[in-house]
Protein chains: 2
Amino acid sequence: MARVRKTVTIRDVAEDAGVSLQTVSRVVNGGPNVRPQLRDKVQAAIDRLGYVPSLAAQRMSGSRSYIILAINDRERTLADWRERRGTDWVDQMLLGGILTCSQHGYRMMVELVDTHSDHVERELGAALSALQPDGVILTPPHSENRLITDLLAERRIPFARIGSNAPGPGIPMTMGDEGAAHLATTRLAELGHRRIAMIAGPSAYSLSGWRIEGWRRALAEAGLPHEGLLEVGDFGYESGTRAARTLLDRNPDVTAIIASSDQMALAALEVARDRGLSVPHDLSLISFDNTPIVRFSQPPLTAIDQPIAETVSRAVEQLIARAPDGDDDAVIEVAAGLVERSSTGPAPATLSGRA
Amino acid sequence: MARVRKTVTIRDVAEDAGVSLQTVSRVVNGGPNVRPQLRDKVQAAIDRLGYVPSLAAQRMSGSRSYIILAINDRERTLADWRERRGTDWVDQMLLGGILTCSQHGYRMMVELVDTHSDHVERELGAALSALQPDGVILTPPHSENRLITDLLAERRIPFARIGSNAPGPGIPMTMGDEGAAHLATTRLAELGHRRIAMIAGPSAYSLSGWRIEGWRRALAEAGLPHEGLLEVGDFGYESGTRAARTLLDRNPDVTAIIASSDQMALAALEVARDRGLSVPHDLSLISFDNTPIVRFSQPPLTAIDQPIAETVSRAVEQLIARAPDGDDDAVIEVAAGLVERSSTGPAPATLSGRA
DNA sequence: ACAAGTCTTGAGAACGCTCTCAAGATCGGT
DNA sequence: ACCGATCTTGAGAGCGTTCTCAAGACTTGT
């Protein structure tokens, strides 16, 4: 079974099967109106020769590029890499993206783009021109960057905005941040906690706002206060340390904290340990993200599992199905789940008198 | 600054600058023999119009595809994803790959391929035909899969074999596994440990063998025995648990273990905890990989840091520079480092009498 | 100032595919 | 059986780039 050196083209197949190029093309692309008998004959030739259409040529001839481009924040991704924090977003995006793309004969590419830079347009524009992707997936904080969404809309490239439900062009896809925060808060309230604090993410990420909203709503429903129980971090470990300290300094009666990232939650865990607070005996902790690191801490953390892979997968499907000018109305939501581990427990009885 | 709807082509630039297509092409590709004055004029037109050459068209016209394909093991990657273990390989590959590729105007794509499947050739062949990459990066265990390396060699596609120094086609690149294991073992010997065990990886990965060799060499140099101190796992947590138990059951005098993955090391940590052994007081632990999870365990693990990103980066550079029939002789090695945390310490004094 | 080079520029084909359009084959209704 | 409609197939152009090759402009040495 010697293999050809030269690439097998559609022409070789046509010749082998004794039909025209066009017919082969129809068979390859599952086009209509080909007699079954002929279709089989052509398919046999394709299999025999091991023909696979060239992506570049397909793109050239004005059809699709079969490429979905995923845009991630360069600054954050690089920082995560540099400090060997692990990039759960990229990881999960790839999981959902690659698998779903390959099911449809598409490919996924990852591009790092600076949101804050003033040449976003040039940078992203160059990538779009070079790749001419059939769809683009925007991750936070790009999802609500007007410069980016406008550029994409103008070029008529279908795109999904992950972690955004704001109006505007593109398909908005949320991961139920409001609901997830509500879920976590309610769970803590059920466990008897009365003073439930939150360490939120930066306001540049609109998901930060929703998480705060979900937390407040749950507190209100349980008749609990939220005043003074909110601190803001930047998702990083150090900011988590600062926020946890401030929170516990100001509110010694806090018995539960929800942190908007795993890193910040682990930082809070460390702060608690320093102060002789036992988790979950004295303090319950819930984090957002559920990256691999929270499974091996002492204790392992209860966490909100963000369905990134599932969301990206849905996004890919939407993009592949959608015509450039499809209706971009419906917000698509994939709900997050709560993974209970050992960092949550009943509110300490001793504190009920203290509070 | 209204943007064109239609794609800017080389023709538009040529027209704008009043030159031929060929001249624009030369300017874009930094070709020789263009008068500086003309070059500037064309460049100005390119900037003004925001022209970026289409990857697809470039590929079509017989030049390079500007794509480097990274091949990862599907089975392992999917398992890591499914169990939310984090895929450090993919992560680090992307770090080194994307950055270095973009510096040279290239793109990186990740493809998952089953090593064990009998249709590897068809699967990989299809990807190669569709993408026509300028280079391929093979990660373990593909790096030494004859089916794959032969296919690549036959198609004359330059490729790098990461984690392999076996002879054969392709550029072999090792991450100094022998040296790293030697380093870790020697360090433990210096700390006074006399019974240093190893939990190795599966033999399908040739790096497993080198690590064992490095460990044996260091032991021999220190005049220490290795008999009965070797267990084999599959890199996963459960296999680590089994291996650690067997090891400690058979050799109660073992005071140090080197595990060939972070997961297996964390499993050993758990086994030690179950048996009332304090780490590092009673047992020292060193793991391979240094993924993010080992920083938050109790105690954080001392680990060998595998320079995956750096290695892939070097590989990309080699591939871009190399002609299809370059000399594939020299093995390129990027040395690993030891990151000391709190899972290693002096050998317990009490045991010196016991051993 | 002239021949023999070297530089600079352009014209046209080629890459592999899909699109549009037209021609021939087949079908259904009367 | 006949006519119009529908199916099936093929021919040829075009996508945006780079390649090859040739022509013109400029050097240089004598």
Side-chain angles (χ1 to χ4, degrees), chain A residues 4-43 45-46 49-67 105 126 128-134, chain B residues 4-43 45-46 49-67 105 126 128-134:
Chain A
V4 284
R5 170 116 312 145
K6 200 186 158 302
T7 317
V8 178
T9 77
I10 198 173
R11 187 162 281 113
D12 300 321
V13 177
E15 204 166 313
D16 186 284
V19 299
S20 73
L21 305 188
Q22 184 46 38
T23 300
V24 179
S25 177
R26 272 190 276 257
V27 171
V28 170
N29 298 297
N33 305 339
V34 180
R35 239 181 340 165
Q37 186 189 348
L38 227 203
R39 183 182 294 275
D40 292 347
K41 188 170 155 197
V42 172
Q43 187 61 54
I46 290 175
L49 270 46
Y51 167 70
V52 176
S54 150
L55 259 198
Q58 287 188 124
R59 164 64 252 184
M60 272 302 296
S61 67
S63 89
R64 286 172 289 192
S65 67
Y66 295 101
I67 287 178
L128 295 179
S129 298
L131 258 24
Q132 288 164 267
D134 291 338
Chain B
V4 284
R5 170 116 313 145
K6 201 187 157 302
T7 316
V8 178
T9 76
I10 198 173
R11 186 161 283 113
D12 300 320
V13 177
E15 202 167 314
D16 186 285
V19 300
S20 72
L21 304 189
Q22 185 47 38
T23 300
V24 179
S25 179
R26 274 191 275 256
V27 172
V28 170
N29 298 297
N33 305 339
V34 180
R35 240 183 341 169
Q37 186 189 348
L38 227 204
R39 182 182 294 275
D40 292 347
K41 188 170 155 197
V42 172
Q43 188 60 54
I46 289 175
L49 269 48
Y51 166 71
V52 176
S54 150
L55 259 199
Q58 287 188 123
R59 165 65 252 186
M60 271 301 296
S61 67
S63 90
R64 286 171 288 193
S65 67
Y66 295 102
I67 287 178
L128 295 179
S129 298
L131 258 25
Q132 290 165 271
D134 292 337

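Letters go in sequence order (proteins before strands), and every chain restarts at 1.
At the phosphate of C/dT18, neither OP1 nor OP2 sits under 4.0 Å from any side-chain N or O atom of A/Tyr66. For D/dT18, one of the phosphate oxygens OP1 or OP2 lies less than 4.0 angstrom from a side-chain nitrogen or oxygen of B/Gln58. Put simply, A/Thr23 has a side-chain N or O that comes within less than 4.0 Å of OP1 or OP2 on D/dG10.
For residues 7-27 of chain B, every residue pair satisfying the salt bridge (charged side-chain N to carboxylate O under 4.0 Å, His left out) rule, not counting sequence neighbours, is listed here: B/Asp16-B/Arg48. Pairs engaging residues 51-62 of chain A under the side chain to side chain donor-acceptor pair (under 3.5 Å) rule: A/Ser54-B/Gln132 [sequence neighbours left out].
What separates CG of B/Leu55 from P of D/dT18 is a distance of 11 Å, to the nearest Å. In this structure, the CZ atom of B/Arg11 is 9 Å from the P atom of D/dT17, given to the nearest Å. Rounded to an integer number of Å, the gap from A/Met60 CE to C/dA14 P is 16 Å.
Expressed to the nearest 0.5 Å, how far CG of A/Asn29 lies from CZ of A/Arg64 amounts to 8.0 Å. Rounding to the nearest 0.5 Å gives a distance of 8.0 Å between CG of A/Leu21 and OG1 of A/Thr9. Of the inter-residue distances, the one linking B/Thr7 atom OG1 with A/Leu128 atom CG reads 10.5 Å to the nearest 0.5 angstrom. Distance check, rounded to the nearest 0.5 Å: CG of A/Leu131 to CD1 of B/Ile67 gives 7.5 Å.
The terminal axes of the helix from C/dA1-D/dT30 to C/dT30-D/dA1, fitted over 5 pairs per end, subtend an angle of 20° to the nearest 10°.
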Distances under 3.5 Å between protein N/O atoms and the N/O atoms of nucleotides 19-22 of chain D, please, pair by pair.
from	atom 1	to	atom 2	distance (Å)
D/dC19	N4	B/Gln22	OE1	2.3

Atom pairs under 3.5 Å: protein N/O with N/O of nucleotides 4-8 of chain C:
from	atom 1	to	atom 2	distance (Å)
C/dT8	OP2	B/Asn33	OD1	3.2

(request) Please step through side-chain contact (heavy atoms from CB on, under 4.5 Å) for the pair B/Val8 and A/Ser129, ending with a clear verdict. (result) CA-CA 8 Å; B/Val8 178; A/Ser129 298; over 6 Å; no

(message) Between B/Ser25 and B/Val28, does the side-chain contact (heavy atoms from CB on, under 4.5 Å) criterion hold? Intermediate values first, please.
(response) CA-CA 5 Å; B/Ser25 179; B/Val28 170; 5.8 Å; no

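Listed nucleotides D/dG10, C/dC15, C/dG10 differ in distance to A/Ser20; the shortest reach to its side chain belongs to D/dG10. When each of D/dT17, D/dG10, D/dT18 is scored by its nearest atom to the side-chain atoms of B/Asn29, the top-ranked nucleotide is D/dT18.
In this structure B/Val27 satisfies the side-chain contact (heavy atoms from CB on, under 4.5 Å) test together with B/Val34, B/Arg39, B/Val42, B/Gln43, B/Ile46, sequence neighbours excluded.
Nucleic acid contact for A/Val19: sugar-phosphate only, since backbone atoms but no base atoms lie under 4.0 Å from a heavy atom of the residue.
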